[in-house]
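Notes follow once the structure below has been shown.
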There are 4 protein chains.
Amino acid sequence: MTDESARDEIMTATYEALCEHGYTELTTQAIADQTDKSKSLLFYHYDSKDDIISAFFDFLLEHFDERLAASQEVSPVERLAALVDWFLYDPDDDERASFHTAMLELRAQAPYDERFQAHLRRSDDALRAAFEDILRDGLEAGVFRDHDPAETATVLIAALDGARIRQLTMGRDAYLEEVRSGVANVVVADLLVEGESFPERGAVSLEAVDAAAGDDPE
Amino acid sequence: MTDESARDEIMTATYEALCEHGYTELTTQAIADQTDKSKSLLFYHYDSKDDIISAFFDFLLEHFDERLAASQEVSPVERLAALVDWFLYDPDDDERASFHTAMLELRAQAPYDERFQAHLRRSDDALRAAFEDILRDGLEAGVFRDHDPAETATVLIAALDGARIRQLTMGRDAYLEEVRSGVANVVVADLLVEGESFPERGAVSLEAVDAAAGDDPE
Amino acid sequence: MTDESARDEIMTATYEALCEHGYTELTTQAIADQTDKSKSLLFYHYDSKDDIISAFFDFLLEHFDERLAASQEVSPVERLAALVDWFLYDPDDDERASFHTAMLELRAQAPYDERFQAHLRRSDDALRAAFEDILRDGLEAGVFRDHDPAETATVLIAALDGARIRQLTMGRDAYLEEVRSGVANVVVADLLVEGESFPERGAVSLEAVDAAAGDDPE
Amino acid sequence: MTDESARDEIMTATYEALCEHGYTELTTQAIADQTDKSKSLLFYHYDSKDDIISAFFDFLLEHFDERLAASQEVSPVERLAALVDWFLYDPDDDERASFHTAMLELRAQAPYDERFQAHLRRSDDALRAAFEDILRDGLEAGVFRDHDPAETATVLIAALDGARIRQLTMGRDAYLEEVRSGVANVVVADLLVEGESFPERGAVSLEAVDAAAGDDPE
DNA sequence: GATGAATGAGAGTTCATTCAT
DNA sequence: AATGAATGAACTCTCATTCAT
């Protein structure tokens with residue numbers, strides 16, 4: 001096994017261990033257990049547990065960034081809806097739920113670690129750019145009223161991220177749906193010109209968008 | 001020392017230890033160190049560390065709920081502004097920052113513990129009610145346009161909470177200010193009737209509101 | 001058990017473990033095994049293994065210093081002989097041999113640790129002073145020819161220490177006896193005035209000296 | 001690469017690793033790092049780490065023995081001075097210091113290993129012979145008074161070795177100089193016949209002696 | 001009520017050693 | 001002859017928890 005594939009395997013194992021145990025109970029043993037290898041091998045490929053976690057952060061954001069490369073093939077309104085629905089994922093999707101649960105724990109460590117913060121800022125930049133692109137495209141296409149795309153993007157992201165976190169931590173399944181319609185009515189409704197309407201939930205998916213773009217979704 | 005006051009002291013010590021060390025490094029020793037008592041005594045008053053943390057959650061939300069009892073003395077617009085600014089606190093306020101940092105870690109544990117979730121739901125109910133009260137009062141008073149207060153409250157809370165978390169985890173001080181004006185322009189602006197305007201940041205504080213209401217703020 | 005007596009017990013256990021395993025294989029487990037307590041208790045009384053070893057150094061030198069307080073009751077020549085014989089101990093005395101073996105390992109670490117060096121310097125000062133006192137007393141009493149006590153002490157100590165180490169590391173039992181007579185003939189013979197003679201090996205012991213002084217020997 | 005040259009390379013690497021890390025922190029990795037080969041190869045050429053160290057002992061003493069083959073070209077007094085100064089090397093010579101530091105650690109292991117002891121005995125024999133040769137040559141040449149060369153050699157070696165060790169372990173730079181003059185005045189002075197004098201420190205070096213003998217010093 | 005002393009389970013990490021290639 | 005990958009045993013150290021006093 002090459003070093004590259006070994007490191008990949010460890011990253012995947014870290015992902016699985018994180019989903020299974022959560023960050024707080026993420027031990028090197030738990031990571032190794034997701035592998036057919038021994039615990040000490042982790043330290044052959046990485047210098048320390050911290051090093052593993054840090055690399056895992058990189059690993060995550062790489063994958064995340066890839067996902068955001070959005071398509072130009074569908075209309076800005078649909079792309080906006082897809083992005084919103086990607087955020088407000090189906091609460092019954094246990095895999096995504098446990099991933100975001102772990103991510104939340106991970107993010108909760110960022111205030112103690114400048115490197116984490118830098119990662120998250122980079123990721124935030126990518127996310128904002130994705131929203132602003134859509135909003136600007138919509139302005140140009142005349143489907144959005146005049147507004148400040150940066151400001152709208154900021155509010156949207158805050159609301160969607162906040163909603164996701166509140167849903168996870170309160171375990172209130174109805175919550176995401178409420179936020180979805182809230183965002184549609186309170187934020188998006190004012191954005192759309194006469195005649196345009198925001199698609200129903202799930203009508204467009206980011207995966208569909210990816211597919212349209214010929215991308216290889218997760 | 002009565003059992004009651006001993007438990008109170010432990011809760012306060014837990015609060016302090018949490019702010020100082022964060023949840024991940026919160027040890028029973030760290031809690032005891034905030035006390036003039038010994039570590040073993042913690043286990044006389046509580047069954048386990050988990051028990052302490054669980055009780056601390058109760059303790060927190062009790063105090064939090066008290067804080068939200070809002071005044072009728074000032075105008076709905078001002079009360080709304082106060083609540084918004086309470087959320088988007090001054091990033092230089094280190095005490096609040098370290099408290100919210102610890103709270104974020106604590107909340108990140110909720111997905112693993114139904115009891116935490118129940119607490120957070122209760123707290124969410126109180127918070128929504130506070131927002132909805134203000135919005136409804138504003139409707140009655142004719143300062144807000146017609147809208148669905150529940151929906152607006154949901155979006156507002158999600159955005160404000162999301163903003164707070166993103167600011168903490170990205171360490172981007174400018175962020176809260178951006179969200180504040182974003183919320184003002186994107187959400188609140190559409191709410192206000194002609195002639196009303198949203199106060200500048202810091203023009204009204206929740207403490208002032210509390211004081212007006214004769215409350216004892218934290 | 002008081003903290004004091006616990007620490008004492010750990011020091012004794014360290015001594016025993018050191019003699020049994022040597023410094024290189026001195027583990028916290030080995031120390032704990034010389035105790036009826038658990039390994040983790042070591043870390044309750046000391047911060048780290050290094051801390052234990054450092055304290056053990058202090059402990060040793062304290063005991064060593066006590067031993068050196070020599071008597072005025074016997075003649076300088078006899079005191080000198082006693083000190084020489086204390087150095088060139090009976091090679092069959094397994095306990096002393098294993099102690100000095102461990103001490104040698106410990107001393108071999110000193111070049112890497114300034115604190116050890118300081119300890120050894122302090123101990124060297126005490127040892128030199130003990131030799132010089134005897135030599136000066138002998139000069140005053142007219143049993144030693146004129147000489148430089150500091151110089152003689154330096155050479156004597158180097159030779160005795162070197163001999164002890166060479167004996168230990170070569171496992172040559174005859175060695176100490178050779179050095180004893182070598183020192184007697186080469187160094188001490190030139191020191192004695194006509195009529196004085198250096199006692200045979202073992203004729204005077206440091207313990208006897210201690211006893212004469214009413215001291216409590218080890 | 002022949003087995004012979006590979007083993008030589010490993011011995012040299014062991015020497016370098018030992019000087020750099022000391023015996024206690026001498027790992028197989030550290031040895032391999034001084035090589036352009038891998039760690040596993042060590043185990044192809046040697047059975048175990050212990051085996052490497054044991055072979056290294058052989059290696060050292062071989063080289064050491066070569067060094068001692070002294071010249072007949074210079075006077076016995078000068079040869080004695082050269083040997084003394086070789087022992088009491090310049091404390092600022094970091095390379096020799098770190099070598100002797102490592103050697104001290106190595107020697108401290110000898111009590112646990114009969115093979116080491118045998119090596120050291122052999123080396124002691126060679127060293128004694130070197131001193132005795134010089135002393136006997138001096139007797140014959142009439143520059144030394146009548147004395148027992150074996151006894152004098154024993155004391156000299158013990159004193160010089162002890163001095164070197166004490167200097168290393170106490171970190172007292174002045175020490176070697178004190179011992180040098182002590183040995184000159186206390187031991188050597190009584191050896192010289194009227195009219196002979198012991199050279200100043202550094203006046204003759206073993207390297208010069210080696211060179212005169214056509215040897216290739218280390 | 002209150003504590004100092006004690007412990008076991010388990011954490012991250014190191015390292016000599018092995019083995020398939 | 002040579003190595004990268006792999007491992008198990010052992011290491012130091014931490015911590016929630018217990019218990020005699």
Side-chain angles (χ1 to χ4, degrees), chain A residues 1-7 9-10 24-32 35-53, chain B residues 1-3 5-7 9 25-32 35-53, chain C residues 1-7 9 25-32 35-53, chain D residues 1-3 5-7 9 25-32 35-53:
Chain A
M1 175 171 280
T2 70
D3 188 75
E4 193 56 33
S5 70
R7 289 174 68 99
E9 194 190 350
I10 292 172
T24 311
E25 308 211 325
L26 179 67
T27 64
T28 52
Q29 187 58 64
I31 296 175
T35 274
D36 57 346
K37 304 290 164 45
S38 75
K39 188 174 51 160
S40 36
L41 190 60
L42 300 180
F43 294 94
Y44 178 75
H45 291 291
Y46 292 92
D47 284 345
S48 65
K49 188 191 175 190
D50 265 15
D51 194 23
I52 293 176
I53 289 170
Chain B
M1 176 172 275
T2 70
D3 189 74
S5 69
R7 288 173 68 98
E9 193 189 351
E25 308 210 327
L26 180 67
T27 63
T28 53
Q29 186 59 65
I31 296 174
T35 271
D36 56 349
K37 300 291 164 42
S38 77
K39 186 176 50 162
S40 343
L41 192 59
L42 300 180
F43 292 92
Y44 178 81
H45 291 291
Y46 293 91
D47 284 346
S48 67
K49 187 190 174 189
D50 268 10
D51 195 23
I52 293 176
I53 290 169
Chain C
M1 174 170 279
T2 70
D3 189 76
E4 194 55 34
S5 70
R7 289 174 68 100
E9 193 189 351
E25 309 211 325
L26 179 67
T27 64
T28 53
Q29 186 59 65
I31 296 174
T35 274
D36 57 347
K37 303 291 164 45
S38 76
K39 189 175 46 164
S40 34
L41 190 61
L42 300 180
F43 295 94
Y44 177 75
H45 291 291
Y46 292 92
D47 284 344
S48 66
K49 188 190 175 188
D50 266 14
D51 194 23
I52 292 177
I53 289 171
Chain D
M1 175 171 276
T2 70
D3 188 74
S5 69
R7 289 174 67 97
E9 194 189 350
E25 309 211 324
L26 179 68
T27 63
T28 53
Q29 187 59 63
I31 296 174
T35 272
D36 56 349
K37 302 290 166 40
S38 76
K39 187 175 50 163
S40 344
L41 193 59
L42 299 181
F43 292 92
Y44 178 80
H45 292 291
Y46 293 92
D47 285 345
S48 67
K49 188 191 175 188
D50 268 10
D51 195 24
I52 294 176
I53 289 170

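Letters go in sequence order (proteins before strands), and every chain restarts at 1.
Without hydrogens or angle criteria, C/K49 side chain to C/L26 main chain gives a donor-acceptor distance under 3.5 Å.
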What is the per-nucleotide protein-contact pattern of nucleotides 8-14 of chain E, from the 5' end, where B denotes a base atom under 4.0 Å from a protein heavy atom, S denotes such proximity for sugar-phosphate atoms only, and - denotes neither?
B--SBBB
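For the pair C/I31 CD1 and F/dC11 P, the computed distance is 12 Å after rounding to whole Å. Between C/D51 atom CG and F/dC13 atom C1' the separation is 13 Å, expressed in whole Å. Distance CG (B/L42) to P (E/dG1): 14 Å, rounded to an integer number of Å. Atom CD in A/E4 sits about 11 Å away from atom P in F/dA5, given to the nearest Å.
Note on C/Y44: a side-chain N or O is less than 4.0 Å away from OP1 or OP2 of E/dA5. A close approach under 4.0 Å does occur between a side-chain nitrogen or oxygen of A/H45 and OP1 or OP2 of F/dA6.
Taking CD1 of B/I53 as the start and OH of B/Y46 as the end, the distance is 11.5 Å to the nearest 0.5 Å. Interatomic distance, A/R7 CZ to A/I52 CD1, rounded to the nearest 0.5 Å: 9.5 Å.
The residue among A/D36 and C/E25 whose nearest nucleotide of DNA chain F lies closer to the 5′ end is A/D36.
For A/Q29, the side chain to side chain contact (heavy atoms under 4.5 Å, CB included) partners at least two apart in sequence or on another chain are A/T27, A/A32, A/D33, A/K39.
Looking at DNA chain F, the stems built from 3 or more consecutive Watson-Crick or G-U wobble pairs, each pair with its key distances under 3.5 Å, are E:2-21 with F:2-21.
Considering D/D47, D/L41, D/L42 as possible partners of D/H45, the one that fulfils the side chain to side chain contact (heavy atoms under 4.5 Å, CB included) test is D/L41.
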